[in-house]
Amino acid sequence: MSASIDLDATLFSGQTFAWSKQDGVYQAVVGRQLVCFTEKTFDPLLAQNGALRRYFDMDWEYGRAESYLSSLDPHLARAIQAYKGLHILNQDPWEVLMGFLLSQNNNIKRIRGMYELLSKHFGTHVEGPWYAFPRPEQLMNVSEQDLRQLGMGFRAPYLLDAIQNHALLQAIPDLGDEEAYRALQTIRGVGPKVALCILAFAFHRQQAFPLDTWMLKVMKTRYPGRDASYFTPYAALAQQYLFHFERTQGGRL
DNA sequence: GGCCAGGCCCCAG
DNA sequence: CTGGGGCATGGC
């Protein structure tokens with residue numbers, strides 16, 4: 001009984017596009033290895049794998065954050081009650097950048113499919129049907145036409161620009177929130193929303209508060225006149241709860 | 001079959 | 001600085 005984590009909410013709330021679950025078995029390639037577990041084998045796996053413990057962000061102050069956010073207002077309290085244990089992963093910045101370039105004007109199901117397609121075509125084979133998401137070096141010779149033929153559509157040139165400028169990600173940890181926010185948007189196809197997703201999901205910036213179409217609706221109906229500062233210092237976590245709750249339960253009255 | 005999806009670019013006012 | 005059309009494609 002390590003700290004409680006809600007695996008379904010964490011892995012299928014649209015912060016990562018790498019995971020699948022079949023017959024109770026969670027699977028994805030993390031780093032260069034296939035990670036595979038069930039509810040029962042999750043804790044033992046973490047006990048022997050420190051990198052995964054960090055990936056699942058097991059040592060952050062979720063108890064305090066859940067408690068504080070629940071005290072803010074009834075709507076947020078309901079969202080947290082519904083998905084208590086929703087964690088924000090510590091993902092690879094490159095994979096988050098590419099994943100959220102794919103996300104624009106798109107739906108989560110198809111994003112996952114496109115992400116998997118890029119992995120199968122350009123990534124390193126791991127085992128069985130599993131491939132790692134391609135590193136930038138593996139994509140250096142890809143053309144816009146290649147990407148369009150794989151169904152990437154108008155995002156193809158954005159992916160190419162990210163491939164060319166991936167080194168920019170190295171500097172982000174040393175930058176403050178505002179500087180990092182601006183630096184990320186020098187990549188073509190990275191606007192305010194995608195930049196904030198990268199800051200939240202790859203760099204664990206707790207004040208990153210991405211507003212997609214779902215969150216815009218939540219803010220308009222539930223939090224008129226408010227912004228991220230209302231949720232300080234846990235805006236990113238609040239956003240993920242509200243987003244997931246809205247999408248799955250329509251912000252149930 | 002039309003509307004929408006974890007938006008952004010670009011151009012007009 | 002703000003508003004709105006266009007963009008590829010498929011889920012539902």
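Letters A, B, ... mirror the listed sequences (proteins, then strands); counts begin at 1.
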Quiz item: Can you find a side chain N or O atom of A:Arg188 that sits less than 4.0 Å from OP1 or OP2 on B:dC8?
Solution: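 No, A:Arg188 has no side-chain N/O under 4.0 Å of OP1/OP2 on B:dC8.
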Quiz item: Would you say C:dC12 has OP1 or OP2 under 4.0 Å from some side-chain N or O of A:Lys109?
Solution: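 Indeed, a polar side-chain atom of A:Lys109 lies that close.
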Quiz item: What class does the angle between the rings of A:Phe42 and A:Phe37 fall in, given that below 30° is parallel, 30 to 60° is tilted and above 60° is perpendicular?
Solution: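 Rings of A:Phe42 and A:Phe37: tilted, 30 to 60°.
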Self-check item: Plane angle bin for A:Phe17 and A:Tyr115 - parallel if under 30°, tilted between 30 and 60°, otherwise perpendicular
Solution: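 The rings of A:Tyr115 and A:Phe17 sit tilted, inter-plane angle from 30° to 60°.
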Rounded to whole Å, how long is the line connecting atom [atom1] of [X] with atom [atom2] of [N]?
X	N	atom1	atom2	result
A:Lys193	B:dC9	NZ	C1'	17 Å
A:Phe154	C:dG5	CZ	C1'	13 Å
A:Leu118	C:dT9	CG	P	14 Å
A:Asn106	C:dA8	CG	C1'	9 Å
A:Arg247	C:dC12	CZ	C1'	13 Å
A:Arg110	C:dA8	CZ	P	12 Å
A:Leu102	B:dG7	CG	P	12 Å
A:Trp214	B:dA5	CH2	P	6 Å

Quiz item: Between C:dA8 and B:dC11, how far is it from one P atom to the other, in whole Å?
Solution: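 The same atom, P, in both gives a distance of 15 Å.
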Quiz item: What integer number of Å spans the P atoms of C:dG6 and B:dC3?
Solution: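 Nearest-Å result for C:dG6 against B:dC3 at atom P: 15 Å.
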Looking across every strand, which nucleic acid part, if any, lies under 4.0 Å from [X] by heavy atom: base, sugar-phosphate, or nothing?
X	value
A:Ser13	base
A:Gly189	sugar-phosphate
A:Arg155	base
A:Gln185	nothing
A:Phe201	base

Practice problem: State which of B:dC9, B:dA5, B:dC8 makes the closest approach to the side chain of A:Asn107. | Solution: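 Of B:dC9, B:dA5, B:dC8, B:dA5 is nearest to the side chain of A:Asn107.
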Exercise. Ignoring the backbone of A:Asn105, work out which of C:dT9, B:dC8, C:dC7 is nearest its side chain.
Key: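 The answer is C:dC7.
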Quiz prompt | Upstream residue (5' side of DNA chain C) when A:Met152 and A:Tyr158 are each assigned their closest nucleotide | solution =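 Counting from the 5' end, the first nearest nucleotide belongs to A:Tyr158.
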Self-check item: Validation row: A:Thr10, A:Tyr83 side chains within 4.5 angstrom (heavy atoms)
Solution: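 No, too far: nothing below the 4.5 Å cut-off.
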Quiz prompt | Residues, nucleotides or ligands: over 12 heavy atoms within 6.0 Å of A:Lys21 NZ | solution =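 Above 12, so yes.
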Self-check item: side-chain contact (heavy atoms from CB on, under 4.5 Å) assessment of A:Tyr55 paired with A:Asn49
Solution: CA-CA 10 Å; A:Tyr55 176 84; A:Asn49 189 328; over 6 Å; no
